[in-house]
Asker: 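Below is the structure I would like to discuss, written out as structure tokens.
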Amino acid sequence: MPEGIIVKALSGYYYVMPLEDGGVPSVEGSAVQCRARGVFKKKGISPLVGDRVDYVLTENGEGTVDRIHARETELIRPPVANVNLAVLLFSVKEPDMNLNLLDKFLVHIEQAGLDALIVLTKQDLADPEADGRDTVADVKAMYRQIGYEVISTSSRTGEGSELLKERLAGRISVFSGQSGVGKSSMLNALVPGLSLETSEISMRLGRGRHTTRHVELIPLHNGGFVADTPGFSQLDFLEIGVEELSTCFREFAQYADECKFRGCTHTHEPGCRVIAAKEDGLIAESRYRHYEQFLNEMKEKKRRY
Ligand SMILES: Nc1nc2c(ncn2[C@@H]2O[C@H](COP(=O)(O)OP(=O)(O)O)[C@@H](O)[C@H]2O)c(=O)[nH]1
Ligand SMILES: [Mg+2]
Ligand SMILES: [Zn+2]
């Protein structure tokens, strides 16, 4: 039975891109429009974009999804299966880099167990002289220190696109980031022939319009797939436990092990090694501040639900 990957789901149809022997998608061929077998519905299973499936061709050139292979991962927002890399795009300007949001994404990624790649877009707009100091370099150094890979790109100059392409090879990735940071422009630059809609940032609102709608996987020519997620997906902390939050800040771990009290929240406890590390400059101020903010946000949410 032929195998494929669901690249799009729309109005009860699943669009399956055939995989050749060796599991490489055949980018040249077009996707097969499939219905799912009735049995999935009965069992309450719905195929997801990103699912690897067996399908049969039916007489009209369409097909039927017959079996869903076991999923490696399953994201809820966006609803995509088998994602193993989250690419977090932040522009150096227009809109300004938002480290609070970056740390929020990282918390969710750590919790989901995905690899993260931080991409600082619109490098052509960076102007260290006008800014007084090279804030982009500071941000890079800070996140690299924690252990995240950070790369700089520009869809205008082509900077960083080869490296980014290499990182996406053979994986299913999601591109996440606020509207207007250049996700669609970057994908257009990476995939010859692709022409996703891009939009001017609305100056009045200070944020981009939402031009990307349903989830769709875009095949790259190196066996990778990318989901350009619809606009800015709302992140809340409802699925994360208060105790779990600090473990999602990777660099806290080595200090948290040595806190005096078990279950230390690293906010006020005597003998807290995390607070000490922050005071010694071993943990970045902004990371610690965001930890405190998220903790408060979580407590507030849990009170209301
Ligand atoms: N200067 C500059 N502008 C860019 C770059 N990439 C995207 N843009 C612009 O930023 C705006 C938003 O881009 P878009 O790709 O639609 O962002 P998305 O909402 O994240 O998909 C558009 O006006 C693009 O032309 C870049 O590398 N440099
Ligand atoms: Mg877009
Ligand atoms: Zn502590």
Side-chain angles (χ1 to χ4, degrees), residues 78 86-98 101-102 105 118-127 130 136 151-164 173-191 194-218 226-233 242-249 251-280 282-283 287-288 291-292 295:
V87 181
L88 307 181
L89 295 98
F90 283 82
S91 46
V92 303
K93 274 217 177 97
E94 300 177 19
D96 283 342
M97 226 184 289
N98 178 342
L101 186 61
L102 174 53
F105 277 135
I118 300 171
V119 175
L120 304 181
T121 62
K122 307 196 189 183
Q123 204 61 42
D124 55 293
L125 299 179
D127 189 355
V136 178
I151 65 178
S152 293
T153 64
S154 164
S155 312
R156 290 281 153 87
T157 66
E159 179 182 345
S161 24
E162 281 310 310
L163 183 57
L164 178 55
S173 311
V174 286
F175 269 29
S176 310
Q178 283 167 288
S179 286
V181 297
K183 298 182 294 297
S184 301
S185 303
M186 181 51 72
L187 283 167
N188 287 340
L190 291 179
V191 184
L194 187 71
S195 54
L196 297 173
E197 199 183 334
T198 61
S199 68
E200 291 303 323
I201 297 171
S202 155
M203 287 307 169
R204 196 169 54 84
L205 289 170
R207 50 186 145 100
R209 286 188 302 131
H210 294 225
T211 46
T212 320
R213 278 166 218 97
H214 57 266
V215 187
E216 185 168 347
L217 291 184
I218 296 155
V226 175
D228 179 14
T229 62
F232 169 60
S233 50
V242 171
E243 319 70 40
E244 209 182 335
L245 182 68
S246 69
T247 65
C248 295
F249 283 75
E251 74 277 34
F252 289 14
Q254 56 172 309
Y255 307 109
D257 283 346
E258 288 168 13
C259 289
K260 186 165 172 195
F261 298 109
R262 267 166 158 269
C264 183
T265 64
H266 323 303
T267 52
H268 61 275
E269 294 87 343
C272 174
R273 304 296 307 155
V274 171
I275 296 175
K278 187 247 315 179
E279 275 159 10
D280 293 344
L282 299 168
I283 287 175
R287 292 276 292 171
Y288 183 80
Y291 168 72
E292 281 188 309
L295 198 61

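Position 1 is the first residue of the sequence, and the numbers go up from there. Every heavy atom of this structure was used, including side-chain atoms; hydrogens, water molecules and symmetry mates were not. Atoms within a ligand are numbered from 1 in the order they appear, just like the ligands themselves.
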Asker: Does S91 reach the side chain of L125, with side-chain heavy atoms less than 4.5 Å apart?
Answerer: no
Asker: Please determine if K278 forms a cation-pi arrangement with Y288, meaning its NZ or CZ atom is less than 6.0 Å from the six-membered ring centre and no more than 45° off the ring axis.
Answerer: yes
Asker: Nearest 0.5 angstrom please: Y255 OH to C272 SG, how far?
Answerer: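 The SG atom of C272 is 12.0 Å from OH of Y255, to the nearest 0.5 Å.
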Asker: Using the side chain to side chain contact (heavy atoms under 4.5 Å, CB included) rule, take L196 and I218 through it: C-alpha gap first, then chi angles, then the decisive distance, then the call.
Answerer: CA-CA 10 Å; L196 297 173; I218 296 155; 3.9 Å; yes
Asker: Backbone, side chain, both or neither: what part of T198 comes under 4.0 angstrom of ligand 1, heavy atoms only?
Answerer: both
Asker: Has S184 got an N/O/S atom less than 2.8 Å from the Mg ion (ligand 2)?
Answerer: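 Yes, within the cut-off.
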Asker: List for me each residue that meets ring pair (Phe, Tyr, Trp, His ring centres under 6.0 Å) alongside F252, sequence neighbours excluded, and say none if there are none.
Answerer: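 Once residues adjacent in sequence are excluded, the partners of F252 under the ring pair (Phe, Tyr, Trp, His ring centres under 6.0 Å) criterion are F249, Y291.
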Asker: Going by the order shown, which atoms of ligand 1 are within less than 4.0 Å of some heavy atom of S179?
Answerer: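 Per the distance check, 19 (O).
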Asker: Would the distance check show the side chain of T121 and the main-chain N or O of V181 forming a donor-acceptor pair, the cut-off being under 3.5 Å?
Answerer: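 Checked: pair present.
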Asker: Just to be sure I understand the site: which N, O or S atoms from the protein are less than 2.8 Å away from the Zn ion (ligand 3)?
Answerer: C259 SG, C264 SG, H266 ND1, C272 SG
Asker: Pairs of nitrogen or oxygen atoms closer than 3.5 Å, one from M186 and one from ligand 1: do any exist?
Answerer: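 Not met; the criterion fails.
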Asker: Quick check on contacts: which atoms of ligand 1 are under 4.0 angstrom from a heavy atom of L125?
Answerer: 1 (N)
Asker: Rounded to the nearest 0.5 Å, what separates atom CD1 in I275 from atom SG in C259?
Answerer: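 It comes to 8.0 Å.
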Asker: Taking it one step at a time, do H266 and L295 satisfy side chain to side chain contact (heavy atoms under 4.5 Å, CB included)?
Answerer: CA-CA 10 Å; H266 323 303; L295 198 61; over 6 Å; no
Asker: Once you restrict to heavy atoms under 4.0 Å, what part of D124 touches ligand 1? Side chain, backbone, both or neither.
Answerer: side chain
Asker: Can an N or O of S185 be found at a distance shorter than 3.5 Å from an N or O of ligand 1?
Answerer: yes
Asker: Counting N and O atoms only, with roles assigned by atom type, does the side chain of K183 sit under 3.5 Å from a partner on the main chain of Q178, one being a donor and the other an acceptor?
Answerer: yes
Asker: Heavy atoms only: which of A189, G158, G180 is nearest to atom 18 (P) of ligand 1?
Answerer: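 Heavy atom nearest to atom 18 (P) of ligand 1 belongs to G180.
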Asker: Using a 4.5 Å cut-off on heavy atoms from C-beta on, say whether the side chain of Q123 contacts that of V136.
Answerer: yes
Asker: Using the salt bridge (charged side-chain N to carboxylate O under 4.0 Å, His left out) rule, take R287 and E251 through it: C-alpha gap first, then chi angles, then the decisive distance, then the call.
Answerer: CA-CA 10 Å; R287 292 276 292 171; E251 74 277 34; 2.7 Å; yes
Asker: Using a 3.5 Å cut-off on N or O atoms only, is K183 in polar contact with ligand 1?
Answerer: yes
Asker: Just going by heavy-atom distances, which of A126, S184, G160, G177 is nearest to atom 21 (O) of ligand 1?
Answerer: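 Result: the heavy atom closest to atom 21 (O) of ligand 1 is in S184.
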